[in-house]
Amino acid sequence: MDFSLTDEQQLIVETTRRFVQSEIVPLEDHLDPDAGALDPQDHDRLVGKTKSMGFYGLDIPEEYGGPGLDTTTRALMAIEMSQHRAGLYNPCYGVFGGAGLAQLYEATDAQKERWLYPTLRGEKKGCFALTEPSGGSDPARAIQTRGLKDGAEWVLSGSKLYISGADKADYALIFARTSDDPGRNGVTAFIVDTDTPGFHVRRVVHTLRATHYATELQFDEMRVPEENILGEVNGGFAIANDRLSRQRIPYAAGCIGPAIQAQEMAIDWAKSRETFGSPLAEKQAIQWMIVDNEIDIRHARYCVLEAAQKADSGDRFRTEAAMAKLVATEASSRVVDRCIQIHGGVGVTKDLPLERWYRELRIRRVGEGPSEVQRLIMARDILGGSFK
Amino acid sequence: MGIRLDKSWETLDAETIASLPAQLGVYQVADEDENVLSVGYAGARHLFGIRSALDDELQFLGKKATKFRYEFTSNYRSRWDELLMLHLCDHGQLPDHQRDEERRIGRLSPD
């Protein structure tokens with residue numbers, strides 16, 4: 001495959017890189033090392049800049065006002081946007097805008113008016129509630145939240161776990177079992193306003209991400225109108241699954257940025273730090289770590305760009321997306337780990353971003369489908385047929 | 001695991017503060033009647049962790065602040081948000097000087 005960048009892609013990459021270095025990194029120097037947000041005034045000012053650059057709402061489809069970037073260009077931008085301390089989970093602190101829940105683009109016109117358009121205007125926030133205490137890697141079978149039809153309404157009861165942003169959301173996309181089918185054909189997606197009686201955010205779930213938490217939700221006989229169903233009754237799993245596949249490419253690309261930054265820091269450190277009478281860079285043990293980092297970074301980048309190009313060409317890209325997710329998350333974790341080792345004591349302090357990347361990259365190997373599930377997806381495609 | 005900060009109150013004075021380890025964590029500061037005046041955190045930018053953060057509180061709140069309780073945690077940011085949300089849930093509003101945080105934090109219904 002040809003991974004050379006077009007002139008336009010090169011310009012976008014360079015513009016994004018300059019933006020990160022000149023606008024984000026200087027602000028970050030004054031924030032708590034675990035900060036997840038900019039000062040609101042800085043945030044609004046930078047949103048104005050990204051809008052004037054024509055880059056606001058990167059993931060919004062062009063017909064809804066987005067910039068219409070292809071997946072490859074979007075992946076290249078993700079690699080650049082994540083090259084700062086908070087960049088893994090908060091690339092550029094969100095000043096490039098979000099797209100809302102991708103599933104809402106499949107909603108009815110009335111649903112779009114009520115939830116999608118206000119989200120794109122920044123007036124509403126949504127959250128995605130799929131995982132339950134019974135499991136997340138195999139959601140089709142794990143979902144135990146029940147939806148029972150009662151006249152023109154559905155009554156939802158159950159709980160969800162590890163849900164991001166539910167405590168601040170105006171609405172939630174909730175997946176519930178609505179038939180006796182124990183698998184993927186018995187799940188329905190509901191759009192539920194979070195002020196609906198019976199919707200409870202019961203607790204905060206603290207994670208390795210020190211600035212961000214997940215939540216646990218409980219639904220007590222929550223009554224939801226029929227018109228709040230997204231898609232077809234018992235067709236919700238396809239909606240959830242589509243999102244999981246599409247998300248893997250930018251998710252993987254975002255892991256590469258911190259690895260590149262960590263490698264650059266490690267190279268600078270190895271050249272300047274002396275031990276036993278010579279720079280670290282002259283020790284074979286350090287040289288090999290730097291080389292292994294480079295191999296990991298390039299491997300991850302090739303896998304991500306291959307998956308993105310397949311997606312752009314309209315070919316099936318499920319295996320490539322799974323491989324990109326697996327390789328990028330695991331390779332970047334190894335890179336940051338080695339860079340901490342090269343830095344020694346200062347590598348584990350909050351003076352440098354390495355410790356934050358180390359903690360947060362660990363989550364990436366679990367989130368959006370753990371490495372084992374990615375292998376399972378690839379095995380299905382490579383071996384043919386579907387396992388039970 | 002209890003989610004509220006329900007440890008015993010300690011006396012907020014320079015001597016007690018100086019005896020604390022310079023750790024990262026969260027805390028509440030209260031008046032004599034144990035009304036919470038401030039919910040805060042000691043982060044990596046506090047030179048001596050919770051000691052520095054409580055010193056700042058003592059300077060800011062003055063003599064009305066007489067008690068405190070704390071919890072060490074490296075997840076000081078998310079735990080701080082959790083304590084603010086719990087305070088909002090229990091009291092309907094945050095301490096006066098933290099009212100601006102109400103626009104930022106989420107909503108919990110823990111009980």
Side-chain angles (χ1 to χ4, degrees), chain A residues 28-41 43 85-86 89-90 125 127 159 163-170 172 194-220 222 348-353 355-356 358-360, chain B residues 1-6 21-28 39-53 56-57 70-94 98-111:
Chain A
E28 205 163 48
D29 289 343
H30 302 285
L31 297 176
D32 184 275
D34 275 318
L38 294 174
D39 176 271
Q41 286 181 329
H43 183 273
R85 188 189 289 263
Y89 276 98
N90 300 86
K125 290 180 182 172
C127 69
S159 60
I163 308 304
S164 291
D167 57 315
K168 299 175 186 173
D170 300 292
T194 54
D195 60 1
T196 303
F199 183 100
H200 303 288
V201 182
R202 285 305 190 199
R203 72 179 178 111
V204 160
V205 183
H206 299 281
T207 70
L208 284 169
R209 286 179 66 190
T211 194
H212 182 90
Y213 49 81
T215 62
E216 181 169 347
L217 311 182
Q218 184 182 338
F219 313 130
D220 290 334
M222 191 166 62
V348 294
T349 70
K350 287 185 180 293
D351 292 349
L352 298 182
E355 63 85 29
R356 180 171 178 175
Y358 180 81
R359 282 184 282 116
E360 294 186 344
Chain B
M1 181 179 111
I3 59 175
R4 286 184 170 77
L5 184 53
D6 53 6
Q23 298 271 36
L24 309 178
V26 292
Y27 59 82
Q28 291 171 329
V39 182
Y41 73 86
R45 291 199 172 273
H46 287 95
L47 200 54
F48 293 101
I50 209 154
R51 288 206 300 247
S52 301
D56 291 346
E57 292 283 0
Y70 65 97
E71 179 181 290
F72 293 136
T73 173
S74 55
N75 276 28
Y76 51 88
R77 296 281 307 199
S78 58
R79 181 66 170 131
W80 180 52
D81 278 2
E82 182 179 29
L83 291 178
L84 288 173
M85 286 190 277
L86 289 166
H87 189 99
L88 189 61
C89 177
D90 292 343
H91 302 283
Q93 65 179 48
L94 294 180
Q98 297 185 294
R99 296 294 300 274
D100 281 353
E101 300 289 347
E102 288 176 11
R103 285 179 291 178
R104 181 185 63 81
I105 63 170
R107 300 292 183 267
L108 278 184
S109 49
D111 304 312

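Given the structure is predicted, the values throughout are model-derived calculations rather than measurements. Reminder, nothing fancy here: chain letters follow the sequence lines and each chain counts from 1.
- Separation of atoms CZ (A:Arg359) and CG (B:Asn75) is listed at 7.5 Å; rounding is to 0.5 Å.
- Contact of A:Thr215 with chain B is not made at all, since no heavy-atom distance falls under 4.5 Å.
- Ranked by heavy-atom pairs under 4.5 Å with chain A, the first of B:Pro110, B:Ser78, B:Gly106 is B:Ser78.
- Under a cut-off of 6.0 angstrom, the local environment of OH in B:Tyr70 is crowded, with over 12 non-hydrogen atoms contributed by other residues, nucleotides or ligands.
- Of all heavy-atom pairs between B:Ser74 and A:Ala210, the closest is O-CB, 3.7 Å.
- For a residue to count as touching a neighbouring chain, one of its non-hydrogen atoms must lie under 4.5 Å from one of that chain's; by this rule A:His200 touches chain B with backbone and side chain alike.
- Contact tally against chain B (heavy-atom pairs below 4.5 Å) for A:Leu31, A:Leu208, A:Val201: the top residue is A:Val201.
- The side-chain heavy atoms of B:Ile3 and A:Val204, taken from C-beta on, include no pair separated by under 4.5 Å.
- Judged by distance alone, with hydrogens and angles left aside, the side-chain atoms of B:Arg77 form no donor-acceptor pair with the main-chain N or O of A:His212 at under 3.5 Å.
- Between chain B and the options A:Asp32, A:Thr349, A:Thr207, the largest number of non-hydrogen pairs under 4.5 Å is found for A:Asp32.
- The shortest distance between side-chain heavy atoms of A:Thr194 and B:Arg107 does not fall below 4.5 Å.
- With rounding to the nearest 0.5 angstrom, the CZ atom of B:Arg45 is 8.0 Å from the NE2 atom of A:His30.
- If you measure heavy-atom distances from B:Ile105 to chain A, the contacts under 4.5 Å come from the backbone alone.
- Proximity to chain A (any heavy atom under 4.5 Å) is shown, for B:Leu83, by neither the backbone nor the side chain.
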Working note: A:His206 + B:Thr73, criterion side-chain contact (heavy atoms from CB on, under 4.5 Å); need CA distance, chi angles, decisive distance, verdict. CA-CA 11 Å; A:His206 299 281; B:Thr73 173; over 6 Å; no
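- Closest of all the heavy-atom pairs between A:Lys168 and B:Arg104 is CE-O, 3.2 Å.
- For B:Phe48, the CZ atom sits in a loose shell: 12 or fewer heavy atoms of surrounding residues, nucleotides or ligands are nearer than 6.0 Å.
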